[in-house]
A.B. asks: 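I am attaching a structure below and will ask some questions about it afterwards.
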Amino acid sequence: MYIVTAEEMYEIDRYAIEKGGIAGKLLMENAGSQVAHQIKKAYDINQRIAIVVGSGNNGGDGFVIARYLVDYGFDVTLFQLVADEKIKGDAAYHKELWLNQSDKLELVTESNQLKDRLIAYHLVVDAILGIGVSGEIREPIRGMIEVINQLDLTRISVDIPSGLPANDGEDVDIAVKADQTYIIEAPKVSTFCEPTSNYYGNWDIVKIGIPTSAYLDVASRRWRTTSDVQASFPNRGTYAHKGSNGRGVIIGAQPTMPGSVLLSSRAALRSGAGLITVATLKENISIIANGCVEATYHVLPNLIDRLSDKDLKAFDQFDAIAVGMGMGRAKSELLSSLIENLDKPVVIDADGLYHLKTFLDQKAEKRANLIITPHYGEMAMLSNLPVSEIKKAPFEVSKQFAIKHNLYIVLKGKNTIITTPNGTQMVSNQGNPGLAKGGTGDVLSGILLTMIMQHPSILEALANGSYIHGMAADLLIDLKQHTEIDLLATDVIEGLSQVFRTLS
Ligand SMILES: NC(=O)C1=CN([C@@H]2O[C@H](COP(=O)(O)OP(=O)(O)OC[C@H]3O[C@@H](n4cnc5c(N)ncnc54)[C@H](O)[C@@H]3O)[C@@H](O)[C@H]2O)[C@H](O)CC1
Ligand SMILES: [K+]
């Protein structure tokens with residue numbers, strides 16, 4: 001499923017109409033009929049429904065929705081919030097079709113008028129503004145949105161909550177706070193950004209017949225659905241042996257934080273790695289061995305000095321490396337010596353990101369595929385941007401950073417955004433607030449290490465790893481084995497097997 005900006009959606013629309021020959025009127029008919037069908041499935045037939053329409057094609061969708069809902073037997077009244085002459089093109093065509101079927105169309109141009117009328121309804125369908133919104137919301141639409149948000153109504157938005165920007169990086173002036181949004185064709189970028197995602201409420205996609213070919217040269221972001229993961233998850237060969245399922249090494253853990261690499265190693269093994277070696281200080285080994293008997297060990301004298309030739313030679317035997325968990329932030333040359341000398345995919349997490357920062361801007365010879373897994377605070381440290389700026393434009397900030405530094409980014413959050421060195425992006429939105437606890441990042445790094453060793457594409461590996469990490473947490477809650485309060489990082493590791501069962 002692609003994720004689009006407003007500009008990309010218009011381009012895709014144009015392609016569908018001009019190249020695909022699908023008339024705009026038909027796209028609007030499909031949009032309205034699909035949304036009406038979803039409303040019919042989800043809401044009680046006795047709900048009195050008010051459909052409020054604006055001047056653009058979003059309003060046009062509203063006229064189509066009204067026609068179908070009346071046919072389904074709903075009590076529907078259509079409120080037009082703009083003067084007749086503002087209803088043009090395909091929207092005007094569909095307004096005529098509505099008027100051929102019903103006379104329930106009221107012109108309302110004052111917000112108080114709208115307030116007096118809407119109190120008699122249970123549900124309002126917001127077809128005022130779509131992705132064509134620009135700038136501060138002008139009166140009288142502004143007042144209408146305020147009324148719709150104030151009243152005790154179920155709010156259903158068409159395509160996008162009216163007033164909300166479709167793209168990231170734009171401030172929200174005022175927008176409908178929807179309970180449910182039916183998104184037309186493809187989720188917008190703002191569906192996945194923290195300052196805007198909550199306005200959508202629950203959201204579902206309605207497809208309206210635009211061919212996938214329309215997206216190919218336009219959109220560079222995708223939303224990872226379960227079927228994408230199922231289609232790309234690697235099958236294990238019948239004659240698999242520990243070497244064929246990946247041999248990984250995990251480097252980290254100060255004596256005060258042995259649990260970090262323990263979590264990463266257990267997660268990597270539970271995710272199907274053939275062999276995991278933990279490279280850490282001697283005093284950590286007995287503690288880690290207790291919790292992960294399957295791991296082997298490589299003793300490091302410290303986590304500060306450059307790696308010795310012996311260490312580098314040993315690490316060169318592995319398929320991929322994860323480094324940084326529990327490593328501490330004291331000045332260290334370990335990571336830079338690793339990256340300068342080994343051409344292996346390296347997952348850099350947690351304290352490792354602070355070490356990376358010290359040499360990131362030097363044009364150090366980076367032969368390895370670097371994968372960084374920052375949360376928003378760590379991304380702020382790496383990019384020298386405030387967290388609020390990153391939350392406002394996570395796609396753009398990630399893309400610029402990944403291209404500039406030629407690395408992969410897994411920007412962890414409610415919606416995890418994965419970016420490749422050439423700017424392609426993927427979103428994984430599984431997971432729940434139960435994951436906001438110490439150790440879950442270590443678990444994710446272990447999963448990603450294994451995925452990277454088993455997938456031909458690093459992007460697919462990162463997307464699938466983020467998916468199974470979040471899905472493990474979701475299944476534990478859905479199956480009532482845990483609540484978001486008591487869910488621990490170790491539970492997520494044990495929950496992985498339930499996810500793998502859903503993928504086979
Ligand atoms: N994606 C598809 O394939 C289809 C989408 N459909 C719907 O079309 C809208 C986009 O339609 P468009 O006419 O381009 O824009 P809007 O409907 O958002 O209306 C813009 C309208 O709003 C007024 N306006 C703009 N900014 C402001 C403001 N700041 N304050 C007040 N008013 C504002 C402006 O006057 C314009 O007239 C899309 O979202 C879908 O819902 C098609 O129906 C089917 C195909
Ligand atoms: K809308």
Side-chain angles (χ1 to χ4, degrees), residues 2-18 20 22-36 51-65 80-83 85-95 109 111 124-146 148-149 155-167 170-188 190-191 199-201 203 205-212 214-215 218-219:
Y2 286 95
I3 301 169
V4 294
T5 61
E7 295 74 16
E8 289 165 349
M9 196 67 243
Y10 281 122
E11 206 177 321
I12 288 157
D13 254 15
R14 251 195 314 282
Y15 178 100
I17 294 169
E18 291 161 13
I22 309 170
K25 290 186 179 62
L26 180 57
L27 288 175
M28 193 171 283
E29 180 78 8
N30 294 348
S33 60
Q34 288 292 333
V35 171
I51 298 181
V52 288
V53 302
S55 52
N57 286 341
N58 193 247
D61 294 347
F63 288 113
V64 181
I65 294 167
Q80 180 181 310
L81 307 186
V82 293
E85 60 273 15
K86 286 207 165 182
I87 307 282
K88 300 191 273 290
D90 296 342
Y93 167 79
H94 281 289
K95 177 180 172 182
T109 53
S111 42
V124 61
V125 174
D126 152 34
I128 306 170
L129 296 174
I131 59 172
V133 69
S134 61
E136 297 229 328
I137 307 304
R138 301 185 293 274
E139 292 297 359
I141 299 294
R142 180 183 203 85
M144 311 282 193
I145 291 175
E146 280 165 1
I148 289 169
N149 283 340
R155 289 177 287 274
I156 296 176
S157 284
V158 179
D159 196 27
I160 189 169
S162 290
L164 202 70
N167 301 353
E170 295 173 32
D171 288 320
V172 180
D173 173 17
I174 182 172
V176 168
K177 291 188 178 67
D179 297 291
Q180 166 75 41
T181 301
Y182 293 110
I183 298 174
I184 314 282
E185 266 294 319
K188 304 342 179 224
S190 63
T191 317
Y199 281 91
Y200 285 81
W203 54 268
I205 310 282
V206 293
K207 300 299 279 179
I208 61 171
I210 292 183
T212 308
Y215 289 88
V218 178

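Remember, it's 1-based here, ligands and their atoms both numbered in the order they're listed.
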A.B. asks: Quick check: does Ile160 have an N/O/S atom under 3.4 Å of the K ion (ligand 2)?
C.D. replies: yes
A.B. asks: So, Thr181 and the K ion (ligand 2): N/O/S under 3.4 Å, yes or no?
C.D. replies: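 Checking Thr181: none of its N, O or S atoms is under 3.4 Å.
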A.B. asks: Pick, from Asp13, Leu27, Asn58, the option with the minimum heavy-atom distance to atom 17 (O) of ligand 1.
C.D. replies: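 Minimum heavy-atom distance to atom 17 (O) of ligand 1 goes to Asn58.
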A.B. asks: For side chain to side chain contact (heavy atoms under 4.5 Å, CB included), just list the numbers for Glu8 and Ile131, CA-CA rounded to whole Å, side-chain angles, deciding distance to a tenth of an Å, and then say yes or no.
C.D. replies: CA-CA 11 Å; Glu8 289 165 349; Ile131 59 172; over 6 Å; no
A.B. asks: Can you tell me if Gly60 contacts ligand 1 (heavy atom of the residue under 4.0 Å from the ligand)?
C.D. replies: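 The answer is no: ligand 1 sits nowhere under 4.0 Å from a heavy atom of Gly60.
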A.B. asks: Do Arg142 side-chain atoms and Ile174 backbone N/O form a donor-acceptor pair below 3.5 Å?
C.D. replies: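 Pair absent, no side-chain N/O of Arg142 close to backbone of Ile174.
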A.B. asks: Are a donor atom and an acceptor atom from the side chains of Glu29 and Tyr93 found within less than 3.5 Å of each other?
C.D. replies: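 There is no such pair between these side chains.
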A.B. asks: Please find out if the K ion (ligand 2) and some N, O or S atom of Gly130 are separated by less than 3.4 Å.
C.D. replies: no
A.B. asks: Looking at CG of Asn30 and CG of Asp61, how far apart are the two atoms once the value is rounded to the nearest 0.5 Å?
C.D. replies: 10.5 Å
A.B. asks: Drop me the distance from Asn57's CG to Phe63's CZ, to the nearest 0.5 angstrom.
C.D. replies: 11.0 Å
A.B. asks: When you measure from atom 19 (O) of ligand 1 to every protein heavy atom, which one gives the shortest distance, and what is it?
C.D. replies: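 Answer, as residue, atom name and distance: Gly56 CA, 3.5 Å.
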A.B. asks: In ligand 1, which numbered atoms sit nearer than 4.0 Å to a non-hydrogen atom of Glu136?
C.D. replies: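 This gives 28 (C), 29 (N), 30 (N) as the contact atoms.
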A.B. asks: Give the contacting part of Lys86 toward ligand 1: side chain, backbone, both or neither, where contact means a heavy-atom distance below 4.0 Å.
C.D. replies: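 Neither; nothing of Lys86 gets under 4.0 Å from ligand 1.
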A.B. asks: Considering only non-hydrogen protein atoms, determine which one is nearest to atom 45 (C) of ligand 1 and report residue, atom name and distance to 0.1 Å.
C.D. replies: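 Result for atom 45 (C) of ligand 1: Ile208 CD1, 3.6 Å.
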A.B. asks: Please state whether the separation between the K ion (ligand 2) and some N/O/S atom of Asp159 is under 3.4 Å?
C.D. replies: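 Asp159 does not place any N, O or S atom closer than 3.4 Å to the K ion (ligand 2).
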A.B. asks: Does ligand 1 come near enough to Asp61 that some N or O of the ligand is less than 3.5 Å from an N or O of the residue?
C.D. replies: yes
A.B. asks: So which of Val172, Asn167, Leu164 actually passes side chain to side chain contact (heavy atoms under 4.5 Å, CB included) with Ser190?
C.D. replies: Leu164
A.B. asks: At under 4.0 Å between heavy atoms, which part of Ile12 makes contact with ligand 1: side chain, backbone, both or neither?
C.D. replies: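 Neither; nothing of Ile12 gets under 4.0 Å from ligand 1.
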A.B. asks: Whether the side chain of Asp126 engages the backbone of Ile128 through a donor-acceptor N/O pair (distance < 3.5 Å, no angle test) should be reported.
C.D. replies: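 Yes; at least one donor-acceptor contact below 3.5 Å.
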A.B. asks: Provide the number and element of each atom of ligand 1 under 4.0 Å from a heavy atom of Tyr10.
C.D. replies: 10 (C), 12 (P), 14 (O), 15 (O)
A.B. asks: Among protein heavy atoms, which sits nearest to atom 8 (O) of ligand 1, and what does the distance come to when rounded to 0.1 Å?
C.D. replies: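 Answer, as residue, atom name and distance: Asn57 CB, 3.2 Å.
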A.B. asks: Does Ser134 have a heavy atom less than 4.0 Å from any atom of ligand 1?
C.D. replies: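 True for this residue.
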A.B. asks: Drop me the distance from Ile3's CD1 to Lys188's NZ, to the nearest 0.5 angstrom.
C.D. replies: 11.0 Å
A.B. asks: Does an N or O anywhere in Ile131 fall below 3.5 Å from an N or O of ligand 1?
C.D. replies: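 It does: an N or O of Ile131 is found under 3.5 Å from an N or O of ligand 1.
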A.B. asks: Quick one: the OG of Ser162, the K ion (ligand 2), O of Val158 angle, rounded to 10°, please.
C.D. replies: 180°
A.B. asks: Identify which of Val158, Ile210, Leu81, Leu129 has a heavy atom lying nearest to atom 22 (O) of ligand 1.
C.D. replies: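 That would be Leu129.
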A.B. asks: Do you see an N/O/S atom of Leu129, backbone or side chain, under 3.4 Å from the K ion (ligand 2)?
C.D. replies: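 Under 3.4 Å: Leu129 contacts the K ion (ligand 2) through an N, O or S atom.
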A.B. asks: Would you say the side chains of Thr212 and Tyr2 form a donor-acceptor pair under 3.5 Å?
C.D. replies: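 Result is no, nothing qualifies.
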A.B. asks: Let me confirm one number: the CD1-CD1 distance from Ile65 to Ile156, rounded to the nearest 0.5 Å.
C.D. replies: 9.0 Å
A.B. asks: For the backbone of Ile184 and the side chain of Asp159, can you confirm whether one donor and one acceptor N or O come within less than 3.5 Å of each other?
C.D. replies: yes
A.B. asks: Nearest 0.5 Å, what's the CD1-CE distance between Ile137 and Met144?
C.D. replies: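 Output value for this atom pair is 13.5 Å.
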A.B. asks: In degrees, rounded to 10 degrees, what angle do Asn58 atom OD1 and Asp126 atom O make at the K ion (ligand 2)?
C.D. replies: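 Asn58 OD1 and Asp126 O form an angle of 90° at the K ion (ligand 2).
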A.B. asks: Identify the closest protein heavy atom to atom 38 (C) of ligand 1: which residue and atom is it, and at what distance?
C.D. replies: Asp159 OD2, 3.3 Å
A.B. asks: Nearest heavy atom to atom 28 (C) of ligand 1 wins, so pick from Lys88, Lys207, Glu185, Arg138.
C.D. replies: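 Of the listed residues, Arg138 has the closest heavy atom.
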A.B. asks: Roughly how far, to the nearest 0.5 Å, is CD1 of Ile145 from CD of Glu139?
C.D. replies: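 Between atom CD of Glu139 and atom CD1 of Ile145 there are 9.5 Å.
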A.B. asks: Grab the two heavy atoms, one from Val82 and one from Gly54, that are nearest each other, plus how far apart they are.
C.D. replies: CG2-C, 4.0 Å
A.B. asks: If hydrogens are left out, which of Ser55, Gly132, Ala16 has an atom nearest to atom 21 (C) of ligand 1, that is, the closest non-hydrogen atom?
C.D. replies: Ser55
A.B. asks: Nearest heavy atom to atom 16 (P) of ligand 1 wins, so pick from Gly24, Ala214, Gly130.
C.D. replies: Gly130
A.B. asks: Within a distance under 4.0 Å of any heavy atom of Gly135, pick out the atoms of ligand 1 and give their elements.
C.D. replies: 29 (N)
A.B. asks: Taking 4.0 angstrom as the limit and counting only heavy atoms of Val133, give me the atoms of ligand 1 inside it, by number and element.
C.D. replies: 18 (O), 25 (C), 26 (N)
A.B. asks: Closer than 3.4 Å to the K ion (ligand 2): does that hold for any N, O or S atom in Ser157?
C.D. replies: no
A.B. asks: Do other residues, nucleotides or ligands put more than 12 heavy atoms under 6.0 Å from the NZ atom of Lys86?
C.D. replies: no
A.B. asks: Would you say Lys177's side chain and Ala175's backbone share a donor-acceptor pair under 3.5 angstrom?
C.D. replies: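 Side chain of Lys177 to backbone of Ala175, a donor-acceptor pair under 3.5 Å: no, none is there.
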